[in-house]
Chemist: 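If you scroll down you'll find the structure; I have some questions about it.
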Amino acid sequence: MTELKNDRFLRALLKQPVDVTPVWMMRQAGRYLPEYRATRAEAGDFMSLCMNPERACEVTLQPLDRYPQLDAAILFSDILTIPDAMGLGLYFETGEGPRFKKTVRTAADIEALPVLDTRKDLTYVVDAVATIRRELNGRVPLIGFTGSPWTLATYMVEGGSSKDYRRTKAMLYDQPEVLHVLLDKLVLSITDYLNQQILAGAQAVQIFDSWGGALSHNAYQEFSLKPMQRIIDGLIKEHDGRQVPVILFTKGGGQWLESMADSGATALGLDWTTDIGSARARVGNKVALQGNMDPAVLYAQPQRIRAEVATILKSYGPGSGHVFNLGHGVTPEVDPAHAGAFFEAVHELSGQYHQG
Ligand SMILES: Cc1c2[nH]c(c1CCC(=O)O)Cc1[nH]c(c(CCC(=O)O)c1C)Cc1[nH]c(c(CCC(=O)O)c1C)Cc1[nH]c(c(C)c1CCC(=O)O)C2
């Protein structure tokens, strides 16, 4: 295996000393970059990019080539590859987000769903991970990812994006045992999916629980956190002589950090509504933290971006255990120069918190 030249990101996740705070950005390969839009135009559409390992590798590396400060790469793919491989027929309607040709709304629909065998059913993802890892050649670590069972279930039941998760929540309250059958199939499929990404070369994994924050306190524990905990329990802990850290990101999960910290995750992703210093005090030594600048700060001028970075670094305070990121994905309208100012500010302003 090629030696890792920059391991700041992995070290921070394990709370080992670092020289500066590592930084990466959710959706760092995406529509705000002109080079991404050019490759996507050549490929035809988004899913063709994901399904072609060479193209997926090309766009994964684009932000790293533009921004030398980036301390991690993330697999270019989507969380909806799993429901697509289960036979739901994913497509993207311009301006409307993801849609499925089929939905799962009854016990019979859910019974008919397969548990996935990643190497067979999602070969293109495994191939993309292996290709990216080879082309990275040890520059920075590669992050693999999945959607959480609850988040994927909302797309499968609603048939696409939703404002209120009406049908999924009706199922949760009226037929919890039926929703649990769906979540169980997702837990098994996702555990294999992440393990195959790890075996193919992913050096850390992130679980995107994008819509966990829409649940009630009790429902979050039972229908989102528990299934994620089962996934974490089933993951390969160490590969190629290194621990494989797991980042758990529940958007809107700020009030549940204590129970999330008991899930077995290595780190928690925070959205921007939580003060990172208070979060650190609440989770103590159990987990590292990732986040958590409001993505909208990137609409402001570079000086203002720098000031927000400084505030978050100060709130986290001295010592390792912080991976800088946005609190959610970067938006397509952001000026690439502003993203650059963000990454620079993290490295330039964080050295003072890592002395001795
Ligand atoms: C809900 C969700 C999805 N996908 C994802 C989530 C969780 C988001 C979170 O909590 O941060 C996760 C995702 N989507 C993408 C990644 C790649 C990794 C990364 O760079 O972070 C990841 C981790 C690429 C993508 N996934 C998508 C794009 C844009 C594709 C394009 O139009 O080129 C990218 C770069 C498409 C996508 N895929 C999805 C949506 C809602 C969209 C946007 C549709 C639209 O705005 O038209 C489903």
Side-chain angles (χ1 to χ4, degrees), residues 23-52 55-64 66-67 70 72-84 88 90-100 125 128-129 132 142-156 158-163 165 190 193-194 197 202 204-214 224 228 247-253 269-272 290-292 294-295 323 325-334 339:
V23 62
W24 71 279
M25 179 167 82
M26 290 189 273
R27 306 281 181 98
Q28 64 192 17
R31 282 172 292 184
Y32 75 107
L33 291 178
E35 57 270 36
Y36 169 80
R37 295 196 299 269
T39 308
R40 195 183 74 153
E42 274 176 40
D45 59 34
F46 168 65
M47 280 311 286
S48 311
L49 269 185
C50 296
M51 290 182 172
N52 180 326
R55 294 262 193 219
C57 177
E58 180 187 335
V59 296
T60 300
L61 299 183
Q62 285 172 347
L64 299 169
R66 186 189 271 261
Y67 306 112
L70 283 174
I74 182 161
L75 163 70
F76 189 84
S77 188
D78 200 80
I79 63 168
L80 301 178
T81 52
I82 285 194
D84 184 52
L88 268 56
L90 174 65
Y91 65 101
F92 284 84
E93 207 79 89
T94 329
E96 300 213 26
R99 288 278 182 85
F100 287 106
V125 176
V129 171
I132 297 163
L142 174 61
I143 308 167
F145 71 89
T146 179
S148 72
W150 162 252
T151 296
L152 294 184
T154 67
Y155 284 96
M156 296 172 77
E158 307 294 334
S161 302
S162 168
K163 283 194 194 66
Y165 318 99
I190 289 169
Y193 188 56
L194 288 181
Q197 290 183 39
V205 293
Q206 175 157 328
I207 304 176
F208 285 84
D209 185 31
S210 309
W211 314 134
S224 183
M228 293 194 289
I247 306 163
L248 185 60
F249 171 58
T250 292
K251 181 156 180 289
L270 298 177
D271 69 30
W272 61 94
Q290 176 176 279
N292 69 337
D294 181 353
V323 171
N325 204 313
L326 300 178
H328 207 199
V330 62
T331 51
E333 300 79 13
V334 161

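All residue numbers in this chain count up from 1 along the given sequence. Order of appearance sets the numbers: ligands from 1, and atoms from 1 within every ligand.
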Chemist: Can you report which non-hydrogen protein atom sits closest to atom 10 (O) of ligand 1, along with the distance?
Modeler: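 Looking only at protein heavy atoms, the one closest to atom 10 (O) of ligand 1 is S210 OG, 2.3 Å.
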Chemist: At what distance is the nearest protein heavy atom to atom 32 (O) of ligand 1, and which residue and atom is it?
Modeler: R40 NH1, 2.4 Å
Chemist: Can you report which non-hydrogen protein atom sits closest to atom 46 (O) of ligand 1, along with the distance?
Modeler: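 Nearest protein contact, heavy atoms only, for atom 46 (O) of ligand 1 is R31 NH2, 3.0 Å.
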Chemist: Is ligand 1 under 4.0 Å from a heavy atom in the side chain of E96, in the backbone, in both, or in neither?
Modeler: neither
Chemist: Could you tell me whether P332 approaches ligand 1 through its side chain, its backbone, both or neither, with non-hydrogen atoms closer than 4.0 Å?
Modeler: neither
Chemist: Please write down residue, atom name and distance for the protein heavy atom closest to atom 16 (C) of ligand 1.
Modeler: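 Residue, atom and distance for the closest contact: S77 O, 3.4 Å.
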Chemist: Pair Y36, F46 - check ring-ring contact (aromatic ring centres under 6.0 Å, His included), show working.
Modeler: CA-CA 10 Å; Y36 169 80; F46 168 65; 7.6 Å; no
Chemist: Quick one: which of R27, H328, R99 has a heavy atom closest to atom 20 (O) of ligand 1?
Modeler: R27
Chemist: Identify the heavy atoms of G213 and T250 that sit nearest to each other, and give their distance.
Modeler: N-CG2, 3.9 Å
Chemist: What protein heavy atom is closest to atom 2 (C) of ligand 1, reported as residue, atom name and distance in Å?
Modeler: I79 CD1, 3.4 Å
Chemist: I'd like to check which ligand 1 atoms, numbered from 1 as shown, lie under 4.0 Å from a non-hydrogen atom of M26.
Modeler: 21 (O)
Chemist: Give the atom numbers and elements of ligand 1 that come within less than 4.0 Å of a heavy atom of I74.
Modeler: 18 (C), 19 (C), 20 (O), 21 (O)
Chemist: Looking only at heavy atoms, what is the nearest atom pair of R27 and V330, with distance?
Modeler: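 Scanning both residues completely, I find the closest heavy atoms to be O-CG1, 3.1 Å.
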Chemist: Main chain of T81, side chain of D78: is a donor-acceptor contact present, judged purely on distance under 3.5 Å?
Modeler: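 No; zero donor-acceptor contacts below 3.5 Å.
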Chemist: Distance under 4.0 Å to a non-hydrogen atom of Q28: what atoms of ligand 1 satisfy this?
Modeler: 20 (O)
Chemist: Could you name the option among F208, W24, Y155 that has the heavy atom nearest to atom 1 (C) of ligand 1?
Modeler: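 Shortest heavy-atom distance from atom 1 (C) of ligand 1: Y155.
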Chemist: At less than 4.0 angstrom from any non-hydrogen atom of F76, what atoms of ligand 1 do you find?
Modeler: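 Every atom of ligand 1 under 4.0 Å from some heavy atom of F76: 35 (C).
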Chemist: For A29, take its heavy atoms, then give the atoms of ligand 1 lying under 4.0 Å from any of them.
Modeler: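 Taking each heavy atom of A29 in turn, ligand 1 has 35 (C) under 4.0 Å.
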Chemist: May I ask you to decide if R31's main-chain N or O and R37's side chain share a donor-acceptor pair within less than 3.5 Å?
Modeler: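 It does hold such a pair.
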Chemist: Ignoring hydrogens and geometry, is there a side-chain-to-backbone donor-acceptor pair from D209 to S148 under 3.5 Å?
Modeler: no
Chemist: Which atoms of ligand 1 sit under 4.0 Å from any heavy atom of L80?
Modeler: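 It comes down to these atoms of ligand 1: 48 (C).
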Chemist: Give the ring-plane orientation class for W150 versus Y165, where under 30° counts as parallel, over 60° as perpendicular and anything between as tilted.
Modeler: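 The arrangement is tilted - the two ring planes meet at 30° to 60°.
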Chemist: I need the nearest protein heavy-atom contact for atom 39 (C) of ligand 1: residue, atom name and distance, please.
Modeler: D78 OD1, 3.6 Å
Chemist: For ligand 1, is any non-hydrogen atom under 4.0 Å from K251's backbone (N, CA, C, O), its side chain (CB onward), both, or neither?
Modeler: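 Answer for K251: neither.
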Chemist: Under 3.5 Å, is there a donor-acceptor pair between the side chain of Q62 and the main chain of E35?
Modeler: yes
Chemist: So does F249 get a backbone contact from the side chain of Q290, meaning a donor-acceptor N/O pair under 3.5 Å?
Modeler: no
Chemist: Could you check atom 28 (C) of ligand 1 against the protein and tell me its nearest heavy-atom contact, residue, atom and distance included?
Modeler: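 Scanning the protein heavy atoms, the shortest distance from atom 28 (C) of ligand 1 goes to F46 CE1, 3.8 Å.
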Chemist: So is L75 in contact with ligand 1, going by heavy-atom distances below 4.0 Å?
Modeler: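 A heavy atom of L75 does come that close to ligand 1.
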Chemist: Considering heavy atoms of the protein only, find what lies nearest to atom 44 (C) of ligand 1 and give residue, atom and distance to 0.1 Å.
Modeler: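 Among all protein heavy atoms, the one nearest atom 44 (C) of ligand 1 is G97 CA, 3.7 Å.
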Chemist: When you measure from the side chain of D271 to the backbone N and O of K251, does any donor-acceptor pair fall under 3.5 Å?
Modeler: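 No; zero donor-acceptor contacts below 3.5 Å.
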Chemist: Between F208 and F145, is the gap from one ring center to the other below 6.0 Å?
Modeler: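 Yes, the ring centres sit under 6.0 Å apart.
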Chemist: Under the 3.5 angstrom rule, does the side chain of T146 hit a backbone N or O of I207 as a donor-acceptor pair?
Modeler: no
